[in-house]
There are 2 protein chains.
Amino acid sequence: MSELRDPIRSGARPGGRSLRVQEAVHAAVTALIEEVGREGLTVPQVAARAGVTPSTIYRRWNDMTTLISDVAQRNLRVDCPLKPSGRLSEDLPAWAEMYQEEMDSTPGRAMIRDVLRGWDGTQKACPLLDAVRPSIALICEASGEPVTFDVEAVIDAVVAPLVTRIVFTDAPLPATLARDAAVAFVAQHSSGK
Amino acid sequence: MSELRDPIRSGARPGGRSLRVQEAVHAAVTALIEEVGREGLTVPQVAARAGVTPSTIYRRWNDMTTLISDVAQRNLRVDCPLKPSGRLSEDLPAWAEMYQEEMDSTPGRAMIRDVLRGWDGTQKACPLLDAVRPSIALICEASGEPVTFDVEAVIDAVVAPLVTRIVFTDAPLPATLARDAAVAFVAQHSSGK
DNA sequence: CCCTTAACGCAAAGAATTTGCTTTTATTCG
DNA sequence: CGAATAAAAGCAAATTCTTTGCGTTAAGGG
């Protein structure tokens, strides 16, 4: 959509006033989304609430879509309190179930959409999948058994069907969709080859 | 995002001038995307090219995002010249390969993103998956063998991993990603149970 | 502690969007 | 096959959003 200011740059000023402004704006967006929804949410409105000039927002984020996407990305960080038991056949399904509950909810769905709207496909990092890989990797490592598959394979088998439905459909999901996929995946990769 | 005018409604006027305006606007969008790209494409610009008043566009589509999404949805109709051989183990991988080529291309990726940006998740019909189901169903029916799976299962196994990568990443895809998934899927559903 | 300059504030200029009203013209019905 | 009806388009004024130039504030580095 449009280049956000690169936070890692020589001479950049990530602290102090800049940071306060960023926090105030993010908070204002979050609050106003609650109050008036995403539609009919305008930059001048956010600016007023944050105690900031509209031009400040335009210069940093360019437009409302990018700003909302930026806020949504912060909320993607699901700090899941994982306590891997070490048994893949338990941990992966458990995580999958939790992940589905997190994502297939009104705020979860809205968050994914918000992230996507501000995503133009030219950035390297993919916020949603990047947020997920560490958890999967952790579960695999905790497993004593040597894994014969890739983290990407898990994403294909359990994350992809889930997010595809969330992104492209309105219909409520079967409660055990992700869990079942995880169980099937583990079964397939332990028995046989 | 915002309700497009319901085309099926008592008293609606799908023909005549309305239709001409719609076609002119769609054509203008397509042409201008080529010339100036999606960014920096404005409603007044489109209106001028289409020989229409801006207010006409605003009243019908509400905003540029919705209009672009609407245009992209028309282009989703991939009339794939399928000639099912009747052997699932050939037809499904062949279709998967073709589908990937169609979607994992610069215009294909842009199209998917355009559709998603105008998608607020409250419509019943899902333009992307709806465009795919008939093809899969056709292949399954053409197969003499009685199928032991669902169309949705195919979507989960081959379409989902594909679109997830397209939607969430910038990285180029392995050329045989979808084909391989299709082969594995057929193998799994013919042997064994 | 001072210097440099990134980032903000302010206000004017410019562009996009909304809105009330009029006109055109599909569609329906007699 | 004409009216009659109302959906959709045109037009223009009013509003609101966005951009931009320039002065001011205050991080970060020497």
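Chain letters run A, B, ... following the sequence lines, proteins first, then strands; residues in each count from 1.
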Apply the test side chain to side chain contact (heavy atoms under 4.5 Å, CB included) to residues A/R165 and A/D104: give CA-CA distance (whole Å), side-chain angles for both, the deciding distance (0.1 Å), then the verdict. CA-CA 9 Å; A/R165 288 172 195 237; A/D104 181 28; over 6 Å; no
Show your working on side chain to side chain contact (heavy atoms under 4.5 Å, CB included) between B/I68 and B/L41 and close with a plain yes or no. CA-CA 10 Å; B/I68 289 180; B/L41 181 63; 4.2 Å; yes
Are A/R113 and A/V167 close enough, and set up right, to give a side chain to side chain contact (heavy atoms under 4.5 Å, CB included), and what steps lead you there? CA-CA 7 Å; A/R113 292 232 172 69; A/V167 166; 5.6 Å; no
Can A/V154 and A/L92 be said to form a side chain to side chain contact (heavy atoms under 4.5 Å, CB included), step by step? CA-CA 9 Å; A/V154 178; A/L92 201 63; 4.2 Å; yes
Let's go through A/E145 and A/R87 carefully: what are the C-alpha distance in whole Å and the side-chain angles of both, what is the deciding distance for salt bridge (Lys or Arg N to Asp or Glu O under 4.0 Å) to 0.1 Å, and is it a yes or a no? CA-CA 8 Å; A/E145 323 143 38; A/R87 292 172 46 87; over 6 Å; no
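Mapping B/P54 and A/Q22 onto DNA chain C by nearest heavy atom places A/Q22 at the nucleotide closer to the 5' end.
Here the side chain of A/V52 is nearest to one of C/dG9, C/dA16, D/dA8, namely C/dG9.
A sub-4.0 Å separation between OP1 or OP2 of D/dA9 and a side-chain N or O of B/T56 is absent.
The interatomic distance linking A/M64 (CE) with D/dT19 (P) rounds to 14 Å, in whole Å. A straight line from CG of B/N62 to P of C/dT19 spans 11 Å, rounded to a whole angstrom. Atom C1' of nucleotide D/dA9 and atom CH2 of B/W61 are separated by 12 Å, given to the nearest angstrom. One atom, CD1 of B/I57, and another, P of D/dG10, lie 9 Å apart when rounded to the nearest Å. In this structure, B/L41 atom CG and C/dA15 atom C1' are separated by 15 Å, rounded to whole Å. The CG-C1' distance, from A/D63 to C/dA16, rounds to 14 Å in whole Å.
Relative orientation of the A/H26 and A/W61 rings is tilted, given thresholds of 30° and 60° on the angle between their planes.
For the segment residues 43-50 of chain A, residues with any heavy atom less than 4.0 angstrom from an atom of DNA chain D are, sorted by number, A/V43, A/P44.
Tested against B/V132, the residues B/V159, B/L76, B/V163 include a single side-chain contact (heavy atoms from CB on, under 4.5 Å) partner, B/V159.
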Name the pairs: protein N/O against N/O of nucleotides 21-23 of chain D, kept only if under 3.5 Å.
| residue | atom | partner | partner atom | Å |
| --- | --- | --- | --- | --- |
| D/dG21 | O6 | A/R59 | NH2 | 2.7 |

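The shortest heavy-atom contact between A/T169 and A/R109 is O-NH1, 2.9 Å. Closest approach of A/A182 and A/V158 over heavy atoms only: CA-CG1, 4.1 Å. Between A/F168 and B/W119, the shortest heavy-atom contact is O-CZ2, 3.5 Å.
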Encode nucleotides 25-30 of chain D as B, S and - characters from 5' to 3', where the letter depends on protein heavy atoms closer than 4.0 Å: B to the base, S only to sugar-phosphate, - to neither. BBBS--
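Using a 4.5 Å cut-off on side-chain heavy atoms (C-beta onward), A/D63 and A/V43 make no contact.
If you check every strand for non-hydrogen atoms under 4.0 Å, A/T53 touches a base.
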